[in-house]
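Only this structure's heavy atoms are used, side chains among them; waters, hydrogens and symmetry mates stay out.
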Amino acid sequence: VGAFDPEDAATWERIEEGLIAADVGVTSTVAIVERLEAEAAAGRLTTAQDLAAALRRIAAELMRTEQSDRIDITANPTVVMMVGVNGTGKTTTIGKLASRLGAHGHGVVVAAGDTFRAAAAEQLAVWAERSGAEFVRTHDGGDPGAVAWDAIEKASETGAGVVLLDTAGRLHTKTNLMAELEKVHRVLERQLPGAPHETLLSIDATTGQNGMRQAKEFAAAVDVTGIVLTKLDGTSKGGIAVAIAHELGIPIKLVGIGEGVDDLQPFDADDFLQALFP
Amino acid sequence: TLQEKLEGTFAGLRSKGKLTEDDIAGALREIRLALLEADVNFKVVKSFVATVKDRLADEKVHEALQPAQQIVKVVNEELVALMGTGQSKLTFSQRGPTIVLMAGLQGSGKTTTTAKLAKLLREQDGKTPALVACDVYRPAAIDQLKTVGAQVGVPVYEQGTDKDPVEIAKWGVQQATDAGADVIIVDTAGRLDIDEQLMGELVAIKKAIKPHNVLLVLDSMTGQEAVSVAERFDAAVAFDGVILTKLDGDARGGAALSVKSVTGKPIKFVALGEQLDALEYFHPDRMASRILG
Ligand SMILES: Nc1nc2c(ncn2[C@@H]2O[C@H](COP(=O)(O)OP(=O)(O)OP(=O)(O)O)[C@@H](O)[C@H]2O)c(=O)[nH]1
Ligand SMILES: Nc1nc2c(ncn2[C@@H]2O[C@H](COP(=O)(O)OP(=O)(O)OP(=O)(O)O)[C@@H](O)[C@H]2O)c(=O)[nH]1
Ligand SMILES: [Mg+2]
Ligand SMILES: [Mg+2]
């Protein structure tokens, strides 16, 4: 408590362990610790508070990306495609987004692009109804590309400003499923120049190092523009997002903090890092 | 692979013949890195590496002809030993139906696994299963369980979303028992281990239906927090085993090692896909080599 002794090996070990425990991963932990060691060597860290503040500042610098960390809904209509591994929170996030955008006066089309999983369209239908959004779906086992197409048609028909397209959860290791995702992406591009304007990858905050694999593979398949870090209301600190931003340059845009319709927040680096390094 | 990394570390050793203490320390660092990359909890890694260090000394691995191979063999054995002890099969009731309670974090695969488990028990153990739908929160959760239940040809007992899950559980178990089911699997809502109200609900469900098996459904991509999540679920409902899901991906699954090591509870099943036949009994040796990478 109080003083920080940069000569004490046990202290450095604890710092490293704290980063690993938060799922920051070895590579980004090394990058952070190297910079911290430089600051300590320069005599800039003398107290525990100095240390925590330095950790937050260094992590913030490492997480800075070229891309904006905000959702851009200036296109009319703006198409947002939600992708990610099974169970990470895509459908729920769309439900929250639809409600938030609707409350801000945007006409929203919610599209059930998951034509595979049991009761997927039914689950999204409930969310669409809650937010007053238009709902587009097809029969079970239908073509997700056709749903994407119909959703954009519906938006031009109704003048809706935003299309939120849900997709089926899929493991990034399944080549055929990733190919299907690329196909849906192409359908959107062909139908509306510039679409999808945002491709959001849902990453569960409890995910360990596999999150890097997920981000890498999804970005290679469909040019991910941002991460939705979900389930941050749990005890996991979501450190994998630090690694993803630092090593892949993909920004976190949204944070899921619960199962309710209002439990979605724009990403705030200060809040996030304050929780990570209190 | 770890063996290749170690061989690389020892590459300059042909002339020396024996490994030095530095070489062994280097090997232990590689092992630590491999396990952390595999999401094994850092505290579990620390004690595991200490165990391996002792064994390498006992085995005089520094004099071995093929040290990298020998080290990997030791690490593998210790991993299998850590994960292998513990009953893999379910506990079946001596009298009356066997009751199974599924629990876990949001999105881990409980609902899908509930149907898969019913299918496996019917096909492999000749059981007559039934399912009970106690997730009254997630939109269309009951719909989902009814759909997968129908897909595996197993009845689903539900009372919609306006009843208390504890009451539904009791009612469902009674209904299924009266209808002749000899295995009753109860699906529950995903919940955070730190959510007092929902953990209280889970405790109440357990108290009401007295399950023979409480299974923690854990996503194989879970990171460092797997330990504290498992500890909290264990403290609340003393689960009997773990079902590790989504192992058809490339997550190394170190969470499995962490949970077993810290709670002592065995991994009973692994889920390997979205299809309803993708559930198998757990094999510790396969998991060990997967974690090692
Ligand atoms: N605690 C918490 N739970 C969440 C959050 N976001 C989603 N969930 C829950 O996570 C579970 C899975 O959410 P879904 O929206 O169905 O996830 P998905 O990615 O669409 O799942 P698939 O379509 O099956 O791949 C549900 O129980 C949600 O309520 C969050 O921010 N916090
Ligand atoms: N690839 C793969 N997907 C799986 C596996 N098990 C479940 N899933 C998928 O993971 C997602 C979540 O599964 P659910 O059964 O809805 O999970 P849950 O735990 O019931 O979710 P909540 O009730 O919201 O907590 C679905 O898309 C499932 O199809 C598996 O072993 N492999
Ligand atoms: Mg979904
Ligand atoms: Mg469920």
List the atom of [X], the atom of [Y], and the distance in Å for their closest heavy-atom pair.
{"X": "B/Gln106", "Y": "A/Glu259", "value": "NE2-OE2, 2.8 Å"}
{"X": "A/Gln209", "Y": "B/Asp39", "value": "N-OD1, 2.8 Å"}
{"X": "B/Gly223", "Y": "A/Asp23", "value": "CA-OD1, 3.5 Å"}
{"X": "A/Ala119", "Y": "B/Ala140", "value": "CB-O, 3.8 Å"}
{"X": "B/Ile194", "Y": "A/Asp233", "value": "CD1-O, 3.6 Å"}

Can you tell me which portion of [X] sits under 4.5 Å from chain A's heavy atoms? Options are side chain, backbone, both or neither.
{"X": "B/Arg32", "value": "side chain"}
{"X": "B/Ser228", "value": "side chain"}
{"X": "B/Lys46", "value": "side chain"}

Would you compute the distance between atom [atom1] of [X] and atom [atom2] of [Y] and round it to the nearest 0.5 angstrom?
{"X": "B/Leu36", "Y": "A/Glu16", "atom1": "CG", "atom2": "CD", "result": "9.5 Å"}
{"X": "A/Met212", "Y": "B/Glu37", "atom1": "CE", "atom2": "CD", "result": "11.0 Å"}
{"X": "A/Asn86", "Y": "B/Thr245", "atom1": "CG", "atom2": "OG1", "result": "9.0 Å"}

Members of residues 150-158 of chain B whose heavy atoms come closer than 4.5 Å to chain A: none

Side-chain H-bond candidate by donor/acceptor type, B/Gln144 with A/Gln123, under 3.5 Å: no

Pair A/Thr206-B/Glu225, side-chain donor/acceptor within less than 3.5 Å: no

Heavy-atom proximity to chain B below 4.5 Å, by part of A/Glu129: neither

Portion of A/Thr91 that has a non-hydrogen atom of chain B nearer than 4.5 angstrom: neither

Greatest number of heavy atom pairs closer than 4.5 Å to chain A - which of B/Lys246, B/Arg252, B/Arg138: B/Arg138

Choice from B/Gly107, B/Ala251, B/Pro139 maximising heavy atom contacts with chain A below 4.5 Å: B/Pro139

Is it the case that over 12 heavy atoms from other parts of the model lie below 6.0 angstrom from the [atom1] atom of [X]?
{"X": "A/Asn176", "atom1": "CG", "result": "yes"}
{"X": "B/Lys5", "atom1": "NZ", "result": "yes"}
{"X": "B/Lys146", "atom1": "NZ", "result": "no"}

Within-4.5 Å side-chain heavy-atom neighbours: [X] and [Y]:
{"X": "B/Glu274", "Y": "A/Lys174", "result": "no"}
{"X": "B/Met221", "Y": "A/Arg213", "result": "no"}
{"X": "A/Lys231", "Y": "B/Leu192", "result": "no"}
{"X": "A/Thr173", "Y": "B/Asp248", "result": "no"}

Listed partners of B/Glu30 passing salt bridge (Lys or Arg N to Asp or Glu O under 4.0 Å), at least two apart: none

